[in-house]
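Throughout, protein chains are lettered first and strands after them, A, B, ... in sequence-line order, and every chain is numbered starting at 1.
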Amino acid sequence: MDASSTVVPAAAGLDRSLVIRNLRKEYRAGQAVLKDVSLTVAGRGMTAIIGPSGTGKSTLIRCINRLVDPTAGEILFRGQDLARLNGRELRMARRRIGMVFQEYNLVERLSVIENVLSGRLGYVAVWRAWLRKFPARDVDRAFQLLDAAGLGEFATQRADQLSGGQRQRVGIARALMQEPDLVLADEPTSSLDPKTSVEIMELIASRAAEREIPVIVNIHNVELARRFADRIVGMSKGEIVFDGPPQALEDRHLMEIYGGEGWLE
Amino acid sequence: MSDTTLSSPPRRVAFPPNWPARIGFILLALYVVYAGSILDITWERFVAGFGHGARFISRMFPPNFAPDKLELLYSGMLESLQIAIIATVVGVLMSLPLGLAAARNLAPLPLAWASRALIALFRTFHPVIVAILFVKAVGFGALAGMLALIVASLGFLSKLVAEAVEEMSMKQVEAVRATGAPFLSLVIMGVMPQVMARFIGFSAYQLDSNLRNSALVGLVGGGGIGATLFTAFQRFDYDFVLTIVLAIIAVVMVGEIVSGWMRRLFQ
């Protein structure tokens, strides 16, 4: 689709798998939100993490790109332990990981195209960001991504003028702009209506499949998880209690993940 | 005990008396009376003051528009404008980094506290007192006034920048951080867009305030129209004093209109 993958010359030979070993996070000492979670995610396909609110799904995903600092454990990605990185090395690692947020987290007062181009900030010099002199190749690609998301005509509008679904499309374009080797999505559809939710999941899944990059998505909606994910990980109270393909997820697993059973009727 | 509840239930008090507050107000009132008595504030002096004031005002009219006076007025006013504008621009440029360094959600805590201490120091003294210090340090003239107003602008603007940054949405910043942006790019694309409109509003207000204060710092030797005004007072040129006062009022009003217009433009 775009011939601009010069940053990663041999994308085919690249190992994009992620290995999490004994990941532990305590926001307050002694109260673990994540209890020694271990998880290996293959270098392609969508992995959905389901589970009740407050069970550590968000914390798990945020530990990967270090928006949250883990207390203990390893996160191995592209030959590095992300849990140990700091400063410049951490920034270099972050720019290879795109992230999509529940509330889109666009910079509201910037234009749509500026938000998309923000995905290049890890690559372009500070003065270019300041003067908005992004390389022409990046600008072209940003327009391509917006066109592909059906938002080409909104490029110069301010982000806060868009609807929720449109904002999330911009959020996805920003993540793809990074040319990521991994996409993290933290409840990307929880603030959207059912129809838009499906469209957004379709967009994430198809873009990731085209680029052969793995996606890890936190999601509340079990049906959406079943429909789009290749693998479902169920979490409860900071631990993984289910791990398997969507077909293997049965009601008894859901009862174990969410507790109770009345809601399943 | 049960008898009383049966016969007449005690009335419940909705507004219990606040004795500490009452005592505090009484003490304050007593102190004001005492302080007034030892400061020799008497009605006679007050009445006499009316007479002096009336004579003073009568000597102001008509305002003096002689060409040589207008020349003095023009050069003094021009210097004041220059002091105010340069002080605002320099203050604005320096307050951004200082304000960012003082924001506890961006800067490391020791740096934030050090910056806050510096800002507090800048804000401790009124611009006139700072101007007196600078007059002693660099001598009479516009430079002293300008430096005093830069300090005042820095104190005000940095504090407001720090507060605006602390109130911004961290979600937007987090998203930019997640792209691997270096810190300065994060500030440019994630922080500045959120605080810029307010910052321009503050800057416009500070320009307005510097225009007023540039007359004030002149009174203590900081140059500009204040120096002209002070000289006119010393020479009992009250008619020229009125001319100067009218000119200052005009400039301050124009400044207020311009700053209001700037604020609306960048809303």
Side-chain angles (χ1 to χ4, degrees), chain A residues 61-62 64-68 85 87-111 114-132 134 158-160 167 170-171 174-180 182-184 186, chain B residues 89 92-101 103-111 160-161 163-204 262-267:
Chain A
I61 246 182
R62 279 159 190 269
I64 297 172
N65 66 353
R66 290 285 301 284
L67 292 179
V68 167
L85 297 184
R88 189 183 154 77
E89 281 183 326
L90 176 59
R91 289 204 309 274
M92 294 298 115
R94 270 179 181 159
R95 61 184 201 180
R96 309 302 310 171
I97 303 175
M99 186 155 186
V100 179
F101 299 84
Q102 175 179 351
E103 287 168 43
Y104 334 122
N105 295 18
L106 302 182
V107 181
E108 305 259 311
R109 281 173 170 272
L110 288 185
S111 69
E114 282 173 315
N115 269 289
V116 177
L117 283 166
S118 291
R120 297 309 291 172
L121 288 180
Y123 300 91
V124 304
V126 171
W127 68 269
R128 283 185 177 274
W130 188 32
L131 300 176
R132 304 292 193 269
F134 287 89
R158 244 168 64 166
D160 55 7
R167 288 187 203 201
V170 176
R174 172 174 64 191
L176 295 175
M177 200 64 206
Q178 290 174 240
E179 296 181 324
L182 170 66
V183 170
L184 306 173
D186 191 8
Chain B
V89 170
V92 162
L93 291 180
M94 288 171 65
S95 69
L96 263 182
L98 184 57
L100 284 170
R104 283 165 294 194
N105 53 350
L106 278 190
L109 275 187
L111 176 64
L160 291 177
V161 167
E163 274 170 14
V165 169
E166 287 180 355
E167 284 167 18
M168 72 185 173
S169 153
M170 283 311 280
K171 290 185 168 181
Q172 300 177 29
V173 175
E174 187 177 58
V176 179
R177 181 174 281 147
T179 66
F183 181 75
L184 284 178
S185 295
L186 177 81
V187 168
I188 290 165
M189 294 293 267
V191 177
M192 291 315 294
Q194 295 194 60
V195 300
M196 208 54 200
R198 284 175 73 186
F199 182 62
I200 288 169
F202 302 151
S203 302
M262 264 173 76
R263 274 194 292 265
R264 262 198 307 282
L265 196 67
F266 289 94
Q267 197 42 252

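Interface check for chain B: of the options Ile97(A), Leu117(A), Leu184(A), Leu110(A), the most heavy-atom pairs under 4.5 Å are formed by Leu110(A). Each of Met92(A), Glu108(A), Met99(A) has some count of heavy-atom pairs under 4.5 Å with chain B, and the biggest count is that of Glu108(A).
In this structure, no portion of Arg66(A) lies under 4.5 Å from any heavy atom of chain B. Residue contact with chain B, scored on non-hydrogen atoms closer than 4.5 Å, involves the side chain of Arg62(A) exclusively. Contact annotation for Glu103(A): only side-chain heavy atoms (C-beta onward) come within less than 4.5 Å of a heavy atom of chain B.
In plain terms, the two heavy atoms of Ala129(A) and Ile188(B) that are nearest each other are O-CG2, 4.0 Å. The two residues Arg94(A) and Gly180(B) make their nearest non-hydrogen contact at CB-CA, 3.7 Å. The two residues Arg174(A) and Ala175(B) have their closest heavy-atom pair at NH2-CB, 3.3 Å.
Rounded to the nearest 0.5 angstrom, Arg96(A) CZ and Thr179(B) OG1 are separated by 12.5 Å. Here the NZ atom belonging to Lys171(B) is positioned 12.5 Å from the CG atom belonging to Leu67(A), to the nearest 0.5 angstrom. The distance from atom CG of Asn115(A) to atom CD of Gln172(B), rounded to the nearest 0.5 Å, is 8.5 Å.
Counting heavy atoms from C-beta on, the side chains of Glu174(B) and Asn105(A) come closer than 4.5 Å.
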